[in-house]
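Inspection log for the structure reproduced underneath, given as structure tokens.
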Amino acid sequence: MSTESTIAPTIVLVHGAFADSSSWNGVIEKLRAQGYSVIAAANPLRGLANDAAYIGSVLDTIDGPCVLVGHSYGGSVITVAAAAKTNVTALVYIAAFIPAEGESALELTDKFPGSTLGPTTRPALYPLADANTGTELYIRQEEFPAQFAADVPAEIAELMAATQRPVALAGLQEPAAAAAWRTIPAFALLTTEDKNIPVAAQRFMADRAAAHTVEVSASHAVAVSIPGAVSDLIALAANR
């Protein structure tokens, strides 16, 4: 951490689809060892505007600067959430979507070939507040390790499959209303063995955002498989 007299930023971690906050445990341990305060927020995964508003409310509870970190769909969420927040000093994208205004996660996934996520998912209906139903997606448990976490020990990947959080299909289809990376410095960790978001798509988005970029040979679950690479990039962003 910087030895300057400035206040060290709080690190706010935002998980993506098919994951929960525990996916950050290894990263949290490493960041805390460096003296950082860390919050792993519970991303609702119900819709982009709704999820961004919730994460924005988490940011409002923090005194001082924040570094906002998003994994996967969490990247879309932080891109929108940070747009109206003056305390966010950096955005860190971990195998994540970095949308421009009007772009959705599904649109960006389909922009380049390589994702095998679609055939591994199963839909389920859930009740909406207006008495209608929405559709949410899971990754089939038997296909989760190979699809999402191929470089994670099998017993851990199987637990991740059982505890995965489903994402509302509407959230993946919803266009981003803002792109905070246009005014906030961006950092991106790209995963070359990713089967969810093709690395070509990750490179396109990171280049467009002028992000400081690091590439690693890892699956989509890089925060679990190589937490040190993730924490190193976050620390770099925090010390900029």
Side-chain angles (χ1 to χ4, degrees), residues 12-21 23-24 39-61 66-88 90-112 115 117-118 121 123-130 132-139 148 164-184 186-188 194 196-198 201-202 204-206 208-209 211 220 223:
V12 179
L13 306 170
V14 180
H15 67 81
F18 317 115
D20 65 14
S21 293
S23 61
W24 295 110
I39 296 173
N43 187 355
L45 303 180
R46 297 294 86 179
L48 183 52
N50 175 77
D51 298 341
Y54 175 76
I55 296 302
S57 73
V58 173
L59 297 176
D60 290 340
T61 68
C66 302
V67 169
L68 195 50
V69 184
H71 172 245
S72 191
Y73 165 75
S76 294
V77 175
I78 71 170
T79 297
V80 177
K85 303 301 179 184
T86 59
N87 61 333
V88 178
L91 299 167
V92 184
Y93 295 93
I94 307 300
F97 294 108
I98 313 175
E101 300 89 339
E103 291 180 336
S104 71
L106 283 182
E107 177 184 350
L108 287 164
T109 300
D110 293 340
K111 196 174 186 70
F112 296 87
S115 176
L117 176 62
T121 61
L125 297 180
Y126 69 97
L128 299 173
D130 61 4
N132 289 315
T133 57
T135 299
E136 61 185 9
L137 300 176
Y138 294 82
I139 298 176
F148 195 95
Q164 66 177 292
R165 293 270 310 282
V167 62
L169 176 60
L172 301 179
Q173 296 170 329
E174 186 177 340
W181 50 263
R182 297 194 187 277
T183 57
I184 300 173
F187 297 73
D194 201 312
N196 279 28
I197 307 175
Q202 294 182 46
F204 164 77
M205 293 183 284
R208 182 176 62 181
H220 196 59

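Computed from heavy atoms alone, side chains included, the values below leave out hydrogens, waters and symmetry copies.
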Return yes if some donor-acceptor pair links the side-chain N/O of Trp181 with the main-chain N/O of Phe187 below 3.5 Å, else return no. no
Within-4.5 Å side-chain heavy-atom neighbours: Ser72 and Ile197: yes
Check the pair Tyr73 / Asp51 against side chain to side chain donor-acceptor pair (under 3.5 Å), numbers first and verdict last. CA-CA 10 Å; Tyr73 165 75; Asp51 298 341; 2.6 Å; yes
Given side chains that start at C-beta, do those of Leu128 and Thr133 come closer than 4.5 Å, heavy atoms only? no
Over all atoms of both residues, closest heavy-atom pair of Asn43 and Gly74: ND2-CA, 4.2 Å
Using the side-chain contact (heavy atoms from CB on, under 4.5 Å) rule, take Ser21 and Leu13 through it: C-alpha gap first, then chi angles, then the decisive distance, then the call. CA-CA 8 Å; Ser21 293; Leu13 306 170; over 6 Å; no
Measure across Ala96 and Met205 and return the closest heavy-atom pair with its distance rounded to 0.1 Å. O-CE, 3.6 Å
Side-chain donor/acceptor of Gln164 to backbone N/O of Ile139, under 3.5 Å: yes
Dump the intermediate steps for side-chain contact (heavy atoms from CB on, under 4.5 Å) on Thr79 and Tyr93, then the final yes or no. CA-CA 9 Å; Thr79 297; Tyr93 295 93; 2.8 Å; yes
Ignoring hydrogens and angles, tell me if any N or O in the side chain of Arg165 forms a donor-acceptor pair with the backbone of Ala42 under 3.5 Å. no
Does the pair Glu101 and Arg182 meet the rule for a side-chain contact (heavy atoms from CB on, under 4.5 Å), with working shown? CA-CA 10 Å; Glu101 300 89 339; Arg182 297 194 187 277; 2.9 Å; yes
Under 3.5 Å, is there a donor-acceptor pair between the side chain of Glu174 and the main chain of Leu48? yes
Of all heavy-atom pairs between Ala81 and Leu59, which one has the smallest distance, and what is that distance? O-CD1, 4.5 Å
With rounding to the nearest 0.5 Å, note down the distance linking CD1 in Ile184 to CG in Leu68. 8.0 Å
So, for Ile94 and His71, which heavy atoms are closest and what is the spacing to 0.1 Å? O-CD2, 3.1 Å
Side chain Ser115, main chain Pro198, donor-acceptor under 3.5 Å: no
Here the gap from Ile55 atom CD1 to Asp60 atom CG, rounded to the nearest 0.5 Å, amounts to 11.5 Å
Is a side-chain donor or acceptor of His15 paired with a backbone partner of Trp24 at a separation under 3.5 angstrom? no
Of all heavy-atom pairs linking Phe112 and Ala201, the shortest is CD1-CA, 3.5 Å
Close side-chain approach of Leu172 to Thr109, heavy-atom, < 4.5 Å: no
Applying side-chain contact (heavy atoms from CB on, under 4.5 Å), run through Leu117 and His220 and close with a yes or a no. CA-CA 11 Å; Leu117 176 62; His220 196 59; over 6 Å; no
On a heavy-atom basis, the closest approach of Ala188 and Ala206 is CB-CB, 3.9 Å
A side-chain contact here means heavy atoms from C-beta on lying under 4.5 Å apart; do Pro123 and Leu169 qualify? no
